[in-house]
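Working notes, beginning with the structure itself.
First listed ligand is number 1; within each ligand, the first listed atom is number 1. What's counted below: heavy atoms across the whole structure, side chains too, no hydrogens, waters or symmetry copies.
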Amino acid sequence: MTSFPRPPFYAIIGHPVSHSLSPLMHATALKARGLPGEYITVDVESSQLRRTIQELVEKGCAGFNVTIPHKQGIIPLLSRTDEEAGAIGAVNTVVVRNGELQGYNTDVYGVWKSLEPYADRIRGKHVVLLGTGGGARAVIRCLLRNFQPSSLSVVTRTPERGRELVRAFEASLSLRVFSFNDSSLGQLLRDASLIVNATPVGMTPNVSDSPLPPTVSFHRDQIVFDLIYSPLQTTLLKSAASSGATTLGGLEMLIHQGAKAFELWTGKQMPLELVRKVLEERLRSG
Ligand code: NAP
């Protein structure tokens with residue numbers, strides 16, 4: 001049984017969810033902006049999702065984040081979704097207004113803010129994306145909207161999920177699907193200007209794992225973006241950096257998707273530098 005604070009309050013719902021950095025991020029931002037309200041963690045299994053959402057609304061929750069495994073399951077419980085959430089089929093932020101639930105996907109914005117400084121190195125170039133889940137879909141949507149790459153190769157261990165992506169996005173982008181043991185993977189990776197890891201492989205506690213074998217080499221004209229933010233530098237990123245590639249971790253994406261949610265709930269800007277400092281300290285201290 002969850003106990004709720006006095007309204008207004010905010011929350012993250014997921015299962016498991018105790019590892020989330022969102023409570024620290026939003027509590028820091030609310031305090032820095034002098035805004036009332038707490039941000040709580042609600043661990044809820046799928047069978048209890050509907051009941052928990054009703055309870056959150058009744059108790060005065062002003063908005064909440066949604067994480068694994070509810071990003072898709074929440075959609076039928078909402079009054080409406082924004083364009084990004086509709087295109088991706090996943091919601092990570094909900095605004096509660098006059099008892100109505102409005103769903104958003106701010107991950108797309110997080111990806112955009114991470115890649116924006118490198119637009120010229122992505123536009124018209126080849127991209128390789130590892131994974132086909134919610135994060136991968138946010139990456140594809142962002143690439144389509146903002147960077148227009150020439151082509152996209154998606155690498156997956158589940159071909160059916162790859163085919164779903166082709167059906168969803170091929171009208172707007174040249175998209176092909178490969179398996180992790182495809183003999184052409186080495187060449188695909190060499191030809192890519194941007195390589196994105198949207199799998200959890202290499203995430204804490206399995207920090208020595210990498211989604212690509214150690215034989216894969218990178219080069220200085222490449223950008224390697226790992227959506228993982230814990231650890232700050234994954235084994236994949238260390239390997240890419242040692243070959244001179246530009247590397248990006250998932251922390252900026254995390255901060256910017258959170259900043260967009262904060263803005264939707266409060267109408268205020270998140271204090272980005274303070275939040276970055278606090279989250280980096282937490283991630284460095286383990
Ligand atoms: P998801 O929807 O569960 O998708 C995970 C994807 O990874 C699926 O395609 C899955 O393949 C693949 N995968 C899982 N284990 C694998 C393995 N051992 N080998 C190869 N592929 C594997 O998860 P998600 O929400 O997209 O999250 C993916 C990663 O992105 C996580 O590390 C998450 O923390 C990170 N993320 C970061 C941010 C941020 O703000 N920085 C935001 C969103 C996600 P199958 O379909 O075959 O299972």
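Summary of contacts: the protein heavy atom closest to atom 48 (O) of ligand 1 is Arg157 NH2, 3.0 Å. In terms of protein heavy atoms, atom 13 (N) of ligand 1 is closest to Pro200 CD, 3.8 Å. Scanning the protein heavy atoms around atom 38 (C) of ligand 1, the nearest turns out to be Met253 CE, 3.8 Å. Given atom 6 (C) of ligand 1, the protein heavy atom at minimum distance is Ala198 O, 3.7 Å. Distance from atom 45 (P) of ligand 1 to its nearest protein heavy atom, with residue and atom name: Thr158 OG1, 3.4 Å. Protein heavy atom nearest atom 46 (O) of ligand 1, with residue, atom name and distance: Arg161 NH1, 2.8 Å.
Close approach to Val201 involves these atoms of ligand 1, each under 4.0 Å from a residue heavy atom: 16 (C), 17 (C), 18 (N), 19 (N). Counting atoms of ligand 1 from 1 in the listed order, those under 4.0 Å from a heavy atom of Gly134 are 2 (O), 26 (O). Under a 4.0 Å criterion applied to the non-hydrogen atoms of Ile228, ligand 1 contributes the atoms 32 (O). Every atom of ligand 1 is numbered from 1 in the order shown, and the set under 4.0 Å from a heavy atom of Tyr229 is 41 (N). Counting the atoms of ligand 1 from 1 in the order shown, those under 4.0 Å from a heavy atom of Gly131 are 9 (O). Of all the atoms in ligand 1, the ones that sit under 4.0 Å from a non-hydrogen atom of Gly135 are 24 (P), 25 (O), 26 (O).
Comment: Arg276 does not engage Glu280 in a salt bridge, judged by the lack of any side-chain N to carboxylate O separation of less than 4.0 angstrom. A salt bridge links Glu160 to Arg163: at least one charged side-chain nitrogen sits closer than 4.0 Å to a carboxylate oxygen. Under 4.0 Å is where a charged nitrogen must lie from a carboxylate oxygen, and between Glu281 and Lys277 at least one such pair does. At a threshold of 4.0 Å, the pair Glu84-Arg141 counts as salt-bridged, since one of the basic side-chain nitrogens sits closer than that to a carboxylate oxygen.
Judged by distance alone, the side chain of Ser239 and the main-chain N or O of Thr235 form no donor-acceptor pair under 3.5 Å. Side-chain atoms of Gln48 do not come within 3.5 Å of backbone N or O of Glu45 as any donor-acceptor pair. A distance-only check finds a donor-acceptor pair linking the side chain of Asn146 to the backbone of Cys142 [under 3.5 Å].
Atom 36 (N) of ligand 1 has its nearest heavy-atom neighbour, among Leu227, Leu130, Asn206, in Leu227. Of the options Met203, Glu164, His256, the smallest heavy-atom separation from atom 34 (O) of ligand 1 is shown by Met203. With Asn197, Val155, Ile68, Thr132 as candidates, the residue nearest to atom 9 (O) of ligand 1 on a non-hydrogen basis is Thr132. Considering each of Gly133, Ser20, Pro69, the one bringing a non-hydrogen atom nearest atom 1 (P) of ligand 1 is Gly133.
Every residue meeting the side chain to side chain contact (heavy atoms under 4.5 Å, CB included) condition with Thr28, not counting sequence neighbours, appears here in chain and number order: Leu24, Leu274, Val275, Val278.
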Going through the checks in order, is the salt bridge (charged side-chain N to carboxylate O under 4.0 Å, His left out) test met by Arg80 and Glu100?
CA-CA 9 Å; Arg80 57 177 165 273; Glu100 285 216 328; 3.3 Å; yes
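At least one protein heavy atom sits closer than 4.0 Å to atom 28 (C) of ligand 1.
Backbone and side-chain nitrogen or oxygen atoms of Lys71 are examined, and none is located within less than 3.5 angstrom of a nitrogen or oxygen of ligand 1. For the pair Phe180 and ligand 1, the shortest N or O to N or O distance does not fall below 3.5 Å.
Between His256 and Trp112, the gap from one ring centroid to the other reaches at least 6.0 Å. A distance of 6.0 Å or more separates the ring centres of Phe9 and Tyr39.
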Using a 3.5 Å cut-off and no angle test, enumerate the donor-acceptor pairs between side-chain atoms of residues 88-97 and protein atoms at least two apart in sequence or in another chain.
residue : atom : partner : partner atom : Å
Asn92   : OD1  : Thr106  : N            : 2.8
Asn92   : OD1  : Thr106  : OG1          : 3.4
Asn92   : ND2  : Thr106  : OG1          : 3.1
Asn92   : ND2  : Asp107  : OD1          : 3.1
Asn92   : ND2  : Gln257  : OE1          : 3.3
Thr93   : OG1  : Asn65   : ND2          : 3.3
Arg97   : NH2  : Leu264  : O            : 3.4

